[in-house]
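Written below as structure tokens is the structure these notes are about.
Because the structure is a prediction, the values reported are computed rather than measured. Counting starts at 1 for both ligands and their atoms, in listed order.
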Amino acid sequence: MTTIIRNIGQLATCPPGNPQSDAGLLDTAALVIDGGQLRWAGPERDLPRPVPGAETFDARGRLVVPGLIDCHTHLCFGGWRGDEFEQRLLGASYADIAAAGGGIRRTVAQTRAASTDELTTRARAVLDAMLALGVTTVECKSGYGLDAGQEIRQLEVYATLDHEHAIDLVPTFLGAHALPEEHATDPDAYVDLVCERMLPEIARRELARFCDVFVEHGAFSPAQGRRVLEHAARLGLGLKVHADQLSDGGGAALAAELGAVSAEHLEYANDDGIEALAAAGTVAVSLPLASLYLGERFLPARRMLAAGVAVAIATDFNPGSAPSFHLPLAMLLGCLRQSMTCEEALMGVTRVAAQAISADGQLGSLQPGFQADLAVIDAPSLTHWLYHFQPNACLATMKAGRWVHTREDWTP
Ligand code: NIG
Ligand code: FE
């Protein structure tokens with residue numbers, strides 16, 4: 001079945017070969033989709049002859065972008081921590097709250113206590129809302145179970161949702177997110193458990209595509225992070241690192257040295273770390289909602305882009321540091337607080353985000369051969385979309401050639 005979308009006011013093709021500053025914008029454009037893939041994209045005047053039986057949609061002058069990719073979330077968790085938000089407003093720091101027994105460990109207790117049905121239902125509702133925002137692919141981490149059974153249960157929730165939901169999920173094992181209460185005095189024993197018990201079973205059952213570690217004071221040391229990641233690489237998983245979020249702990253350099261596909265957060269990354277990321281081709285994933293909520297500095301995007309590091313933008317959706325899954329809001333913060341241009345921000349949630357989940361070549365661009373994932377946005381141009389921020393400007397979302405969401409007031 002062939003689908004034609006015509007009368008696109010502005011089309012962002014986000015081509016693979018372009019610099020991040022050039023989102024491949026085309027005015028008055030059209031697209032041809034067939035078998036779930038993009039077949040043709042270009043100026044409307046060059047549209048190939050209509051195929052008999054093709055379905056044609058009129059975008060009525062709106063912006064069309066590749067389906068958005070949220071390449072860093074902690075989607076599955078029990079409970080919320082709104083009281084900690086209030087404590088931070090009164091001056092407590094994220095680290096103080098964690099040291100006093102709040103933070104990640106509190107969500108671990110709430111996640112362990114929740115039924116699998118409850119966790120699945122909650123995560124599904126978030127995915128529905130993300131799809132309505134134009135998001136078509138979501139990376140999602142475990143890390144609120146912190147024992148073999150519970151970590152695997154979180155990853156099983158992701159497998160269930162990946163199977164049933166229009167959004168594609170990319171699961172990441174983050175067993176080394178925090179030290180669980182029961183191993184508080186013996187961190188190395190917990191790292192043993194992650195390496196010897198959890199990773200082999202997760203790899204064998206193909207429950208995760210990536211392994212991530214949180215390298216930070218109060219979480220895991222670079223040596224412990226290295227051990228987990230080297231083990232994961234031997235088992236065939238791709239690598240990610242929560243690096244330099246609250247202090248400069250050498251996480252960026254570690255990610256680069258181990259050939260990680262991405263280093264995430266990086267608010268405190270130093271110049272050597274940035275050089276190393278550039279040399280290794282490791283993507284920097286910026287999480288501006290976490291900086292906003294924690295009152296922390298923002299990732300130095302201009303320094304990174306100038307050094308040749310590709311910068312993705314993601315929400316970090318979680319109940320502590322970033323309790324919002326609004327990816328267009330994260331893009332806006334990328335512009336306003338990280339001085340990224342609108343084109344750099346869009347590339348950061350499409351083509352560069354695809355690189356951060358090793359899906360470049362399939363997702364994140366509207367070019368022939370790519371999966372037909374796209375969003376129709378109620379704006380005449382990319383700049384207007386980000387400038388005139390609306391609760392939700394997405395009119396319709398297409399996944400693999402199928403309309404999977406349309407706003408009530410819009411018929412594609
Ligand atoms: O990416 N930094 C560690 N993990 C999450 C926060 C998790 C939480 O606060 O529950 C993050 O910010
Ligand atoms: Fe995170």
Side-chain angles (χ1 to χ4, degrees), residues 70-88 92-112 114 119 122-123 126 138-146 150-151 154 170-180 210-220 225 228 240-249 251-252 255 260 262-269 283-299 312-325 327 330 333 353 356-357:
D70 194 341
C71 67
H72 180 139
T73 80
H74 304 254
L75 176 66
C76 173
F77 56 84
W80 288 101
R81 304 202 318 258
D83 53 341
E84 294 180 7
F85 170 70
E86 187 77 32
Q87 286 166 31
R88 286 201 306 276
S93 75
Y94 183 70
D96 293 342
I97 293 169
I104 296 172
R105 271 198 197 161
R106 201 161 140 228
T107 297
V108 169
Q110 291 173 299
T111 305
R112 287 177 177 180
L119 294 175
R122 277 178 54 143
V126 172
V138 172
E139 185 263 9
C140 44
K141 302 174 195 292
S142 67
Y144 291 125
L146 308 188
Q150 291 280 349
E151 282 294 305
Q154 272 197 275
V170 178
T172 294
F173 169 57
L174 177 56
H177 191 197
L179 264 187
F210 295 97
C211 177
D212 193 348
V213 295
F214 184 22
V215 175
E216 189 60 64
H217 301 295
F220 295 89
V228 172
K240 292 175 164 288
V241 184
H242 269 70
D244 305 326
Q245 178 184 9
L246 305 165
S247 59
D248 174 6
S262 61
E264 329 216 333
H265 282 291
L266 299 172
E267 290 84 342
Y268 286 84
V283 175
V285 177
S286 91
L287 304 164
L289 285 161
S291 298
L292 183 76
Y293 272 98
L294 298 184
E296 272 290 345
R297 61 164 80 168
F298 286 76
L299 167 142
I313 299 177
T315 61
D316 196 17
F317 176 58
N318 74 72
S321 64
S324 166
F325 51 77
L327 191 53
L333 290 171
I357 53 166

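Taking any N or O of T107, backbone or side chain, none lies under 3.5 Å from an N or O belonging to ligand 1.
Closest N/O/S atom of D316 to the Fe ion (ligand 2): OD1.
Among all protein heavy atoms, the one lying closest to atom 2 (N) of ligand 1 is Q245 OE1, 2.6 Å. Atom 12 (O) of ligand 1 has S321 OG, 2.5 Å as its closest protein atom, hydrogens excluded (heavy atom only). Residue, atom and distance of the protein heavy atom nearest to atom 11 (C) of ligand 1 are D316 OD2, 3.2 Å. Among protein heavy atoms, the minimum distance from atom 9 (O) of ligand 1 is reached at Y94 OH, 2.5 Å.
With E296, R106, H74 as candidates, the residue nearest to atom 5 (C) of ligand 1 on a non-hydrogen basis is H74.
Ring planes of H265 and H72: perpendicular class, angle over 60° (limits at 30 and 60°).
Of all atoms in ligand 1, numbered sequentially from 1 with element shown, those under 4.0 Å from a heavy atom of R81 are 8 (C), 9 (O), 10 (O). Numbered from 1 in the order shown, with element, the atoms of ligand 1 that lie under 4.0 Å from a heavy atom of Y144 read 7 (C), 8 (C), 10 (O).
Between the side chains of T315 and D70, a donor-acceptor pair is found at a separation under 3.5 Å.
Salt bridge status for R106 with D83: present, with a side-chain N to carboxylate O gap under 4.0 Å.
Here A290 has no heavy atoms under 4.0 Å from ligand 1, in either its backbone or its side chain. Neither the backbone nor the side chain of E216 comes within 4.0 Å of ligand 1, counting heavy atoms alone. Residue contacts with ligand 1 for H177 involve side-chain atoms from C-beta outward but no N, CA, C or O (heavy atoms, distance under 4.0 Å).
Rounding to 10 degrees gives 100° for the angle at the Fe ion (ligand 2) between NE2 of H74 and NE2 of H242.
Rounding to the nearest 0.5 angstrom, the gap separating the CZ atom in R81 from the CD1 atom in I97 is 8.5 Å. For the atom pair F214 CZ and E264 CD, the distance stands at 12.0 Å (nearest 0.5 Å).
Under the 3.5 Å distance criterion, the side-chain polar atoms of T111 are left unmatched by any main-chain donor or acceptor of F77.
At least one side-chain heavy atom of P288 sits under 4.5 Å from a side-chain heavy atom of I313.
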Q: Show your working on ring pair (Phe, Tyr, Trp, His ring centres under 6.0 Å) between Y144 and H177 and close with a plain yes or no.
A: CA-CA 8 Å; Y144 291 125; H177 191 197; 5.3 Å; yes

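Taking each heavy atom of E139 and I357 in turn, the nearest pair found is CB-CG2, 4.0 Å.
Not one N, O or S atom of E264 sits under 2.8 Å from the Fe ion (ligand 2).
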